[in-house]
Novice: 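Okay, handing you the structure first.
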Amino acid sequence: SYEPLERPHFCSLLRDLIDIMIKSAASRYIPQRNTSSGSLHRLSQGNFGMVTLYMYDPANDGTGELVAVKSLKQENGPLPKYWLKEIETLKFFDHTNIVKYKGCCTEMGGQVVQLIMEFLPFGSLEKYLQKQEKSTSQCLLFAQQICQGMEYLHSKRYIHRDLAARNILVKNDSLVKIADFGLSKYIPENDTYYRVSEDGDSPVFWYALECLKLNKFSFRSDVWSFGVTLYEILTRCDPSQKMNVNVLISLLERWQRLPCPADCPSEVTNIMTSILEL
Ligand code: ADP
Ligand code: MG
């Protein structure tokens, strides 16, 4: 009898179709020049680090996969501890809604360490929502997935401390993952919060009052940041709706200024007022 054994199952077809979809979404990033294992595209350039898209294809036969590689900007001196911690933290997690760690790569005798993770072809949720029109129910699905990822993170006693739409990555139209564990901290069993001592660029608009006033970060302060993220998602990350420098600009344009100090001589008040003209 004739047995069509070569014919694929639906599950592998589905996998292939998803692969094609992802690669075609990724192809807009890939320049024409065909390099098998070289750097392909810069995905982001932050203050301290950058994320680059690579084709990892050790066999050099086109069977490779796209990965995102995060590295710190080259600086002299030892590798900062927080960076190694970010890598170690991500390595430890295993959840559908948390970006997958794939490996790390050390160069120049340990002077350069890069974090390799799965590539999420649609980039950050912030950019994604700004570009494409999404229904409220899809937004709520994303919110639900962020919740699931955060629940897992907290169950491992980690707090994220930088939950925001820019740090959520989009895998496809129905899957998002939490990324950027640069500020995350482990909360020991008997503690309920972490007190931050280092300064740095803090995402203050996403911080709860206890974070701003007391530098105290807890599981509950992540919940606050989630609230702000939810607001971002439901406003589709519209920059004009965001409490950010644009809002500050509009306050200044509407003539809102710091109040005059109580014991300030009127001459000095006049000077300040004249300086703070538009
Ligand atoms: P930073 O510490 O500089 O904020 P992030 O980890 O938040 O770095 O990454 C910055 C940006 O790089 C993200 O907003 C996203 O646009 C892009 N990016 C990061 N990781 C990935 C990834 N795995 N796949 C696709 N894009 C990514
Ligand atoms: Mg980030």
Novice: Is it the case that the side chain of Gln241 and the backbone of Thr235 share a donor-acceptor pair, with hydrogens and angles ignored and the cut-off at 3.5 Å?
Specialist: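 Looks like no, no N/O pair under 3.5 Å.
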Novice: Hydrophobic cluster membership, with links at side-chain heavy-atom distances under 4.5 Å among I/L/V/M/F/W/Y: are Tyr186 and Tyr193 in one?
Specialist: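 No, it is not one cluster - the side chains of Tyr186 and Tyr193 are not joined through contacts under 4.5 Å.
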Novice: Only one of Asn167, Leu230, Leu163 clears side chain to side chain contact (heavy atoms under 4.5 Å, CB included) with Ser225; which?
Specialist: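 Result for side chain to side chain contact (heavy atoms under 4.5 Å, CB included) with Ser225: Leu163.
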Novice: Please check if the number of heavy atoms outside Lys100 that lie under 6.0 Å from its NZ is greater than 12.
Specialist: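 Counting neighbours around NZ of Lys100, more than 12 heavy atoms of other residues, nucleotides or ligands fall under 6.0 Å, so yes.
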Novice: Can you check whether Leu214's main-chain N or O pairs, donor with acceptor, with Arg195's side chain at less than 3.5 Å?
Specialist: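 It does hold such a pair.
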Novice: Quick check with a 6.0 Å cut-off and a 45 degree axis cone: is Arg220 positioned over the face of Trp224's six-membered ring?
Specialist: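 No, Arg220 does not sit over the ring of Trp224.
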Novice: When you measure from the side chain of Arg257 to the backbone N and O of Leu276, does any donor-acceptor pair fall under 3.5 Å?
Specialist: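 Yes; judged by distance alone, with no hydrogens or angles, the pair exists.
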Novice: Arg236 side chain to Lys134 main-chain N or O, any donor-acceptor pair under 3.5 Å?
Specialist: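 Confirmed, Arg236 side chain pairs with Lys134 backbone.
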Novice: Hey, could you give me each pair passing side-chain hydrogen bond (donor to acceptor under 3.5 Å, both in side chains) that has a residue in residues 141-157? Not counting sequence neighbours.
Specialist: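 Every pair satisfying side-chain hydrogen bond (donor to acceptor under 3.5 Å, both in side chains) with a residue in residues 141-157: His154-Asp222.
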Novice: What distance do Thr89 atom OG1 and Leu84 atom CG have between them, rounded to the nearest 0.5 Å?
Specialist: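 Here the interatomic distance stands at 10.5 Å.
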Novice: Would you say that Ser184 contacts Arg161 through its side chain, given a criterion of any heavy-atom pair below 4.5 Å between the two side chains?
Specialist: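 They are not in contact (no side-chain heavy atoms under 4.5 Å apart), so the answer is no.
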Novice: Please say whether more than 12 non-hydrogen atoms of neighbouring residues, nucleotides or ligands are located less than 6.0 Å from CD in Glu133.
Specialist: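 Not buried by this count: 12 neighbours or fewer within 6.0 Å.
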